[in-house]
Structure formats: C-alpha cells, structure tokens
Amino acid sequence: QVQLTESGGGLVQAGGSLTLSCAASGRTFRANPMAWFRQAPGKDREFVAAIRWSGSNANYGDSVKGRFVISSDNAKQTVYLQMNSLKPDDTAVYYCAASKGLAVARVTSAYGFWGQGTQVTVSS
C-alpha cells in the first residue's frame, strides 16, 4: 500500500503563490507517475499536473499551464506543486495521486492511491 499525505494548502489572495507537498510512504512504486488533481464544490475532479519520479514527462492541465510547476524529489519521496498567479477559479481541494501503471495519465481512473486532500482558497 502507498500512503500519500498532502500539505501546504491555505488561503491566499489572487495573484499570490502557494506550494503544495505530497509525501509518499509505504510500498511506493518508483516507476509509476504521480499527479495532482483538484476538485471544486459541485464539479468533477480535474487533472492539474503529473510527473515521473525521475522528474521527466511533466505535463499540465490547460487551465494551469504556464502558472503551475510540478516537481519531484526522489530521495525524499515527495512531489511538489508550485502554484503561481493564483486565481479565484483555482479554489479547490487538491489531491495527490499515485498511478496504477506506467503511463503518465490525465484521468482519475489511472490512479490507484489518493491522499486526503488539502484545501486551497484564493480570494479576489
């Protein structure tokens, strides 16, 4: 089993920045990609970004491209999401996820392990 623990959420003004962390423990599969998703009230869970533990193959959802940066620290078993130029529309619960397979996927069904989520609120 893989345990994922997110941290770093909070309240920030529009235009500000936040960095989320996701610490992985347990039986981690270093070949399997990691991702961030988010879910706003009343909406489906949305793909934000994904990356391999090696740091390669980073890719982003259209709504965050150019503003968010995903990175990984293999030694610390931690994945980060640096969020810049935040907008009120970025308000959501952000979830870290570990993939079931080797592909860097953008759909929730490809991910088998999830963290508990961390709330990000962006005020206007």
Side-chain angles (χ1 to χ4, degrees):
Q1 285 286 358
V2 177
Q3 290 82 43
L4 303 173
T5 305
E6 302 99 335
S7 60
L11 174 65
V12 63
Q13 288 189 329
S17 298
L18 272 179
T19 298
L20 305 182
S21 300
C22 171
S25 61
R27 190 184 176 191
T28 56
F29 297 91
R30 300 299 182 91
N32 293 20
M34 299 289 292
W36 288 96
F37 287 78
R38 68 186 182 185
Q39 189 165 20
K43 295 189 176 181
D44 293 335
R45 196 163 292 190
E46 175 190 15
F47 172 76
V48 175
I51 195 169
R52 295 190 183 279
W53 279 111
S54 64
S56 64
N57 296 114
N59 67 93
Y60 300 90
D62 290 342
S63 60
V64 306
K65 200 173 296 182
R67 299 188 297 122
F68 290 11
V69 178
I70 188 170
S71 61
S72 60
D73 187 326
N74 207 347
K76 294 183 178 179
Q77 295 192 73
T78 300
V79 177
Y80 304 96
L81 184 69
Q82 181 179 345
M83 306 184 293
N84 303 313
S85 302
L86 283 161
K87 306 174 182 179
D89 284 349
D90 295 318
T91 295
V93 177
Y94 284 70
Y95 296 91
C96 177
S99 177
K100 292 185 284 189
L102 301 179
V104 180
R106 301 161 70 95
V107 295
T108 57
S109 58
Y111 294 84
F113 303 95
W114 295 84
Q116 82 286 353
T118 185
Q119 176 71 46
V120 172
T121 302
V122 184
S123 63
S124 58

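Here the structure is a predicted model, which means the values were calculated and not measured. Here, residue 1 is the first one in the sequence, and each next residue gets the next number.
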Discussion item. One thing to verify: whether D90 and K87 come together as a salt bridge, which I'm taking to mean a side-chain N less than 4.0 angstrom from a carboxylate O.
Written reply: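 No, this pair does not count.
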Can you find a heavy atom in the side chain of [X] that is under 4.5 Å from one in the side chain of [Y]?
X	Y	value
W36	M83	no
L4	M34	yes
S63	R38	yes

Say whether, by atom type as modelled, one donor and one acceptor occur between the side chain of [X] and the main chain of [Y] under 3.5 angstrom.
X	Y	answer
S56	S54	no
S99	G101	yes
R52	N57	no
Y111	P33	no
K100	S109	yes

Practice prompt. For R45 and W114, run side-chain contact (heavy atoms from CB on, under 4.5 Å): C-alpha distance rounded to whole Å, both residues' side-chain angles, the deciding distance at 0.1 Å, then the answer.
Written response: CA-CA 12 Å; R45 196 163 292 190; W114 295 84; 3.4 Å; yes
Contacts of [X] that satisfy side chain to side chain donor-acceptor pair (under 3.5 Å) - sequence neighbours left out:
X	answer
D73	none
Q119	T121
N32	none
S71	none

Worksheet entry | ring-ring contact (aromatic ring centres under 6.0 Å, His included) partners of residues 63-97, not counting sequence neighbours, each pair once |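 Residue pairs with at least one partner in residues 63-97: there are none.
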Item to complete: Could I get the full list of ring-ring contact (aromatic ring centres under 6.0 Å, His included) partners for F47, not counting sequence neighbours?
Response: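 Only F37 meet the ring-ring contact (aromatic ring centres under 6.0 Å, His included) criterion with F47.
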Work out which heavy atom in [X] is nearest to a heavy atom in [Y]; give both atom names and the distance.
X	Y	answer
Q82	T19	CG-OG1, 3.9 Å
P88	A14	CD-CB, 4.1 Å
A50	A105	CB-O, 4.2 Å
A40	T91	CB-O, 3.7 Å

When hydrophobic residues are tied together by side-chain contacts of less than 4.5 Å, even through go-betweens, does [X] share a cluster with [Y]?
X	Y	value
V12	V64	yes
I51	V2	yes
V79	V69	yes

Worksheet entry | Spatial distance of atom CG (D89) from atom OG (S124) [nearest 0.5 Å] |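 That separation rounds to 10.5 Å.
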Item to complete: Rounded to the nearest 0.5 Å, what's the gap from SG on C22 to CD on E6? Could you check?
Response: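 One finds 5.5 Å between SG of C22 and CD of E6.
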